[in-house]
Amino acid sequence: MTDPTQLPVTPKPFLLDGGQAADAVVNQCLDLEAAGEFDQAQTLLRRAAAVRPEVLARYRQTKAVLAGLKTPYTPDLAPFIMAETDSRRPFIPHRIRRQISGIRVAVAAGVLVTCSLMALLQRTFPEQTDWSGRPTPVSNVVEASKQDFADSAQSLASAVSSFRSSLFGPAGAGALTQTGAPSDAPIPHRREPSHIPTALTFGDTRAYEGFRCNAPPPNRDAMLGTGVRDDAAQFACSFDDVPLETVGRQAGTLWLTELSPAALAPRPSLLLQQPASASYWRSGDVGVPFREDGYPSGSNSKGLIEKQEPSKYR
Amino acid sequence: MPKPMDQRREQKLIRQAAAGDRESAGTLISTHQSSVYAYILRLSGRSELAEDVVQEAFVRVLTNLDRFDPRYRFSTWLFTIARRVFLNQIEKRRPIYDSDRVGETTGRTCAASGDWEVEEHKGNSRDAMQSALMSLSPEQREIIVLFHQHDWPIWLIAEHLRMPEGTVKSHLHRGRIRLRETVLRSAALAGTAASRLEEVCPHD
């Protein structure tokens, strides 16, 4: 016999009235039976019934009522459910499902066999099966397009360059000749045109800053304010030092051809140079008149070099 | 009610049904439709509603079998979906319900009304338990049904209804006593039922 002290008596029946205490015991017994503790349930029931006889009656009544919770009559709903399910997500016949499975297996096996064969071929004939370095037709087309584009761009660039050269060639480029100069006077020469850049460039601008002249100045006094050194067989006149543009078309005059933007420069420069063509003068040509004896035609540097109106030379 | 099948066979049936096998789907339906129908019928007390709910629940389950988590019991999943469908149906039918009932009673002919009453009387006598169940609160009714009709453990009911186990037990205990008292009261009113109950469980 089970020890009564070990029985679960959670409802504490002594705290309840008669009916409530009996129902608490009934509930506890039913819970124990549902948990599979049939022995404990019976023991508890006997103990409680010894104290409160109505417990047993309530227990049996409750059991009988709950037993009435039998499964009710169930109509066969399967046909409707199957039809409705088939309309939403069609069933697949067993034969087709087997075929689908077979197709899947065949595809997987084919892929596996192909990969194995490729691996075997690559291992057996590594050179013949090396496709990595060979160009594909698509890469050929891409390369050809790139080459065509490069050729087109190059030809266009050369055309533009030649056009710019024809437009922006340096002023005064050409052969130097002496016109009406004294016979014994040295013929100045200028840099060969080929040495002059064909287009303006940024950066080094020394090529445009002056011309060299091998004509020695007659003397220093006569060239007052020219800034030419006595020993300067050749000298360079910087761009900013060329002061004025002067016309000197008379005989015995050497002419300088160069742009002269610095009209307000403090001192004139002795630039003995003659333009390539003496028939006309271009804007910006600078000339220093000389007498026939080779001396400058004036002692005053300010009067020696005069500004030339550009309109006269066009 | 068919015996519950073992889990391995059930998993196999589910896989086959998910792949489109008609026979497996039919087996699943025949295995579980009685319990789901009884569950919904006990909750609602209306057979036509229970049929609709069971059909819709099964269709939803069978068209979404690929979402089933095999770690859980199929019946639990099915009951959860059926309960959700039932609550949705109740929500939808609530405003229409009374007017339908009124229309039905007022629009019937005498002969048809007689047939309807006969059918209802048959239904009531066939399952007098249902009226007693309907006197319970919805929580008590559902817990009583799941515990005593479907033998669900307390923890599973608590999980299914998303309430603490202590609350489930409290509803269960009160529901038992109230159900018994209601049935006894009804039996006292109906002599035949009372005598039948007396035969089943005589007083000491």
Side-chain angles (χ1 to χ4, degrees), chain A residues 10-11 19-31 33-36 49 52-98 100-101 104, chain B residues 1 16-17 19-26 29-30 33-38 41-42 47 50-51 54-65 126-130 132-133 144-145 147-151 153-154 169 172-174 176-177 179-184 197 200-204:
Chain A
T10 48
Q20 288 177 334
D23 288 338
V25 172
V26 168
N27 270 323
Q28 193 165 1
C29 288
L30 292 174
D31 289 346
E33 288 178 359
R52 299 179 189 277
E54 69 271 20
V55 168
L56 197 57
R58 288 173 183 252
Y59 169 77
R60 287 177 176 172
Q61 288 171 348
T62 309
K63 286 269 287 185
V65 168
L66 293 175
L69 281 170
K70 61 184 183 300
T71 301
Y73 164 75
T74 305
D76 186 14
L77 303 172
F80 175 83
I81 295 170
M82 297 290 279
E84 185 66 20
T85 305
D86 200 14
S87 67
R88 295 190 195 181
R89 183 180 174 178
F91 293 110
I92 304 171
H94 186 63
R95 183 174 53 83
I96 295 179
R97 282 194 294 120
R98 287 189 65 180
I100 291 174
S101 301
R104 285 178 180 168
Chain B
M1 184 187 295
Q16 289 174 344
D21 186 27
R22 177 184 289 270
E23 287 74 20
S24 302
I29 294 170
S30 61
Q33 69 171 348
S34 298
S35 58
V36 183
Y37 177 80
L41 179 63
R42 292 303 189 195
S47 58
E51 289 180 16
V54 171
Q55 289 169 2
E56 179 61 25
F58 264 109
V59 169
R60 285 191 191 184
V61 163
L62 292 176
T63 53
N64 294 283
L65 274 177
R126 186 172 58 203
D127 193 2
M129 175 64 63
Q130 188 61 44
L133 275 173
I144 289 279
V145 168
F147 190 84
H148 286 290
Q149 188 177 14
H150 299 281
D151 299 327
I154 294 291
K169 281 184 180 176
L172 180 64
H173 292 172
R174 289 176 187 157
R176 277 175 188 155
I177 305 306
L179 183 68
R180 185 197 64 206
E181 290 173 353
T182 306
V183 170
L184 288 176
L197 186 67
V200 172
C201 46
H203 287 285
D204 292 328

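Side chains are part of it too, since the values below use all heavy atoms of this structure and drop only hydrogens, waters and symmetry mates. The sequence lines fix the lettering, A, B, ..., with proteins before strands; numbering per chain opens at 1. From a predicted model like this one, the values you see are computed outputs, not experimental measurements.
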If you measure from CZ on B:Phe58 to OG1 on A:Thr85, what distance do you get to the nearest 0.5 Å?
-> 9.5 Å
Verdict with reasoning, B:Arg22 to A:Met82, per side-chain contact (heavy atoms from CB on, under 4.5 Å) | CA-CA 8 Å; B:Arg22 177 184 289 270; A:Met82 297 290 279; 3.2 Å; yes
Under a 4.5 Å heavy-atom cutoff, which of B:Glu23, B:Glu51, B:Gln33 has the most pairs with chain A?
-> B:Gln33
Can you name the closest pair of heavy atoms from A:Phe91 and B:Ala25 and give their distance?
-> CE2-CB, 3.7 Å
Side chains of B:Thr63 and A:Arg88: do they bring a donor and an acceptor to under 3.5 Å?
-> no
Quick one: do B:Leu172 and A:Asn27 satisfy side-chain contact (heavy atoms from CB on, under 4.5 Å)? Show the steps, please.
-> CA-CA 9 Å; B:Leu172 180 64; A:Asn27 270 323; 5.9 Å; no
Largest heavy-atom contact set with chain B, pairs under 4.5 Å, which of A:Ile81, A:Asp86, A:Val26, A:Ile92 | A:Ile81
Rounded distance [0.5 Å steps], CG in A:Leu30 versus CZ in B:Phe147 = 8.0 Å
Can you tell me how far the CD atom of A:Gln61 sits from the CD atom of B:Glu181, to the nearest 0.5 Å?
-> 10.0 Å
Scanning both residues in full, the closest heavy-atom pair of A:Leu69 with B:His148 reads CD1-CB, 3.8 Å
Contacting region of B:Ile144 [heavy-atom separation from chain A under 4.5 Å] = both
Would a 4.5 Å heavy-atom cut-off, applied to side chains only, mark B:Arg180 and A:Asp23 as touching?
-> yes
Spatial distance of atom CG (A:Leu77) from atom OG (B:Ser34) [nearest 0.5 Å] | 9.0 Å
Pair B:His173-A:Asp31, side-chain donor/acceptor within less than 3.5 Å | yes
Under 4.5 Å between any side-chain heavy atoms of A:Val65 and B:Thr182, yes or no?
-> no
Answer with side chain, backbone, both or neither: which region of B:Ile177 has an atom nearer than 4.5 Å to a non-hydrogen atom of chain A?
-> side chain
Please report the closest heavy-atom contact between B:Leu65 and A:Arg89, naming both atoms and the distance.
-> N-NH1, 4.2 Å
